[in-house]
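See structure below.
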Protein chains: 2
Amino acid sequence: MSSLPRKQSVTAQDVAHRAGVSRAVVSRALSNNGSISPDARERVLRAAEELGYQVNFLAQGLNRRRSHLIGVMVSRISDPFRSSLLDALLGEIQRRGFQALVSEIRSEQDLARTLRRFAQFRVSGVIVTSGQPPETLVNECVSQQIPVVGINRQPDIPFVDYICSDNACGATLAAGQLVGNGCRRFGWLNTSHSTWAGRMRGEAFYQALSTLGVDITRDWQALIAPTEGYDGGFQAALSANEHPEGIFCANAQLACGFLDGMRQRGRHAPDDFQLIGFDNTPQTAQYSYQLTTLHQDVAEISRQALTRLLERAEDPQQPSRTTWVDVQLIHRRTSPLSQ
Amino acid sequence: MSSLPRKQSVTAQDVAHRAGVSRAVVSRALSNNGSISPDARERVLRAAEELGYQVNFLAQGLNRRRSHLIGVMVSRISDPFRSSLLDALLGEIQRRGFQALVSEIRSEQDLARTLRRFAQFRVSGVIVTSGQPPETLVNECVSQQIPVVGINRQPDIPFVDYICSDNACGATLAAGQLVGNGCRRFGWLNTSHSTWAGRMRGEAFYQALSTLGVDITRDWQALIAPTEGYDGGFQAALSANEHPEGIFCANAQLACGFLDGMRQRGRHAPDDFQLIGFDNTPQTAQYSYQLTTLHQDVAEISRQALTRLLERAEDPQQPSRTTWVDVQLIHRRTSPLSQ
DNA sequence: TTGAAAGCGGTACCAC
DNA sequence: GTGGTACCGCTTTCAA
């Protein structure tokens, strides 16, 4: 318990002094910005090294009116898909030299508070993976030149960019697979308060089926899970009376719950029914599930998100863009490849 | 695509002007710090409201030498326990009015870089949930008066506080349960490169068994999973030749994998063996697993972590403290209550 | 190329 | 109680 030296942090002034130049030169040397002689540059860099100098990001940000922070809005991180998306986002954010500010959103109020807080930190960008921030709120960001990108959100706010998995394509693949496997009656499982992405998947599934010649009015039904997640899927399986042969499911958690609920009733995939989920979470690959599912490419989504953010930082007035990221059908046991 | 008003953000100066006072008064009114007349205070607050004034945290932090940021170091967020811990931490951090800076650590290098970066943002504290930062590195924080707390880390650095689940107690509960259920031969499943917490659980399990009269040399064995997580547990189940009746497992992912691996070999809990895991992740509660497990109270852990952080901010020189958080045995199917 | 100086937006001390 | 003012640490003109 000896008392430690209470070293005040070293500033650009200290470096300047040691290198025998002015603070301005130090700044230039470190930011590669403004002209400087190779010699001075060298001396500064060495001095900085020797002193263990680290830029004060608060001061830097105050000046540049922009921190090296990127705000990420998430919710229910403990959901496997969400956490893997967050994982990928963090990786990408760090790779590009930014630092993530992450906030969990539990209500509309949180949403507003968080967005303001992000602005107060002069973030370089905001990534929304959850909730639908009201347009007026987002405009506070836009007017402060803070780029905003939504992931799997409904693309409806001007000057905001969107990155979405290609839900329609995924649903079409699922429909094709189930039809090809000989299913006749189809089900669509989703929660009642679905996200936009979920609804989109459902609609595209419906469309794809009818295109494939399925008699929608007779052979299609919607199963509504009472709650989100695994439990919702489980309940849905228990409560439904008569089940279709081919079921497409809005996400992986619902699908796993549904599978287990059916098991409890003594019904198993793929013999008694076929099931395709979305998200390809790690759990879907496990021995006890082996769920056929549509893989969302979170790495690519993250890459695109950061790219958009930087582009819009360059040119804030450019028109809103939406990028669709390919999904991939992963064949597992609940819906085998057609023979 | 109409061009938006490019409103510069409103500053304390603007508020001062509108309220007919000086910048200093504005600062006092908003920070409840320093004396001010009720009247002036009122006027400032109203002006701020009307203008939609928001403090610039960068400027504020620069001045106070401390931002309202708390750095959180995590790794492999997509692991269910880790993400639920992060979830709880974020909640608590926000509840206390801070904003989380989160960084994913993938290597020792990341660890150093991240810690420095946190310091550059003048964080109010650092929470380490992953990795073992070298003492010299942590001292850079300590000497800058940045409180550091480790969660489930080995308590070994001066001036750093630690919050840990009571692993020993958990292991003892597990041992008691297995012995009480009539198991004779015991196994301990862990990965070879275990965390400190994992090792501690194993040692306490061993201790508890011998205290309960188990012949350790004959009836105890260690099962080593080749890799982390579900797959590691799965492999371990496949490769072991003869299995003990009662198995305690370092974490939930290993346990689920093990359970599935055993299933593939046609062996099931609790008939063929009993299994107790750690972490009580959502997955362990699911129909297909129903795993008996030790619950870590992530909410309490998070609360304690923040409390320590704030305490040490008050008094940086106080001696290092370690807090043990109770764990709870959740009875499920893989190790039923003794008759 | 370089240094002086004017901020960035607040905070806090000090006279009044 | 209040306003003036000297910073916090860095960036960026602007003249030299």
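All chains are named by letter (A, B, ...) in the order of the sequence lines, taking the proteins before the strands, and each is independently numbered beginning at 1.
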(request) Would you indicate which nucleotide in C:dC8, C:dG10, D:dG9 comes nearest to any side-chain atom of B:Ala12? (result) C:dG10
(message) Go nucleotide by nucleotide along DNA chain C from the 5' end; which of B:Ala24 and A:Arg122 gets its closest nucleotide reached first?
(response) A:Arg122
(request) Whole angstrom is fine here: how far is it from CG in A:Leu62 over to P in C:dG10? (result) 9 Å
(message) Measure CZ/A:Arg65 against C1'/C:dG10 and give the value in whole Å, please.
(response) 14 Å
(request) Measure the spacing between CZ of B:Arg308 and OG1 of B:Thr323 and express it to the nearest 0.5 Å. (result) 3.5 Å
(request) Please determine, for the side chain of A:Ala40, which listed nucleotide (C:dT2, D:dG3, D:dT12) has the closest atom? (result) C:dT2
(message) Please pick, from D:dT12, C:dT2, C:dG7, the nucleotide with the shortest atom-to-atom distance to any side-chain atom of A:Asn63.
(response) C:dG7
(request) Answer yes when A:Glu104 and A:Arg76 have at least one side-chain N-carboxylate O distance shorter than 4.0 Å, and no when they do not. (result) no
(message) Below the 4.0 Å mark, does D:dT12 have OP1 or OP2 next to a side-chain nitrogen or oxygen of A:Asn33?
(response) yes
(message) Rounded to whole Å, how long is the line connecting atom CD of B:Glu42 with atom P of D:dT2?
(response) 13 Å
(request) Rounded to the nearest angstrom, tell me the gap between atom CD in B:Gln13 and atom P in D:dG3. (result) 12 Å
(message) Is it the case that the side chains of B:Arg41 and B:Asn32 hold a donor-acceptor pair, with the cut-off being a distance below 3.5 Å and no angle test?
(response) yes
(request) Would you mind checking if B:Arg46 and B:Glu49 are paired as a salt bridge, meaning a charged N to carboxylate O distance below 4.0 Å? (result) no
(request) Between D:dG4, C:dG10, D:dT12, spot the one nearest the side chain of B:Gln60, thanks. (result) C:dG10
(request) Have a look at A:Val21 and say if it touches a base, only the backbone sugar-phosphate, or nothing, with a 4.0 Å heavy-atom cut-off. (result) sugar-phosphate
(message) Once you apply a heavy-atom cut-off of 4.0 Å, does A:Thr11 come out as touching a base, just sugar-phosphate, or nothing?
(response) sugar-phosphate
(request) State plainly whether the residues B:Asp14 and B:Arg18 are in salt-bridge range, i.e. N to O under 4.0 Å. (result) no
(request) May I ask you to verify if any side-chain N or O of B:Ser27 is less than 4.0 angstrom from the OP1 or OP2 atom of C:dT11? (result) yes
(message) From CD of B:Gln144 over to P of D:dC8, roughly how many Å is that when rounded to an integer?
(response) 16 Å
(message) By nearest atom, which of the nucleotides D:dG9, D:dT2, D:dT13 is closest to the A:Arg28 side chain?
(response) D:dT13
(message) I'd like to know if B:Glu314 and B:Arg312 make a salt bridge, using a cut-off of under 4.0 Å between side-chain N and carboxylate O.
(response) no
(message) Need one value for B:Tyr53: base, sugar-phosphate or nothing, where a base atom within 4.0 Å counts as base even if backbone is also close, heavy atoms only.
(response) sugar-phosphate
(request) Tell me whether the OP1 or OP2 atom of C:dT2 has a side-chain N or O from A:Ser37 closer than 4.0 Å. (result) yes
(request) Calculate the interatomic distance between B:Arg64 atom CZ and D:dC7 atom C1'; express it in whole Å. (result) 15 Å
(request) Specify the separation, in whole Å, of atom CD of B:Gln120 and atom C1' of D:dC10. (result) 13 Å
(request) Figure out the CZ/P separation between A:Arg66 and C:dG9, and round it to whole Å. (result) 11 Å
(message) So if I take every side-chain heavy atom of A:Val55 and compare against C:dG3, D:dC10, C:dG10, which nucleotide ends up nearest?
(response) D:dC10
(message) Using the side-chain heavy atoms of A:Arg23, tell me which of these nucleotides is nearest: D:dC7, D:dT11, C:dT2.
(response) D:dT11
(request) Find which nucleotide of DNA chain D each of B:Ser22 and B:Ala59 is nearest to by heavy atoms, and output the residue with the more 5' nucleotide. (result) B:Ser22
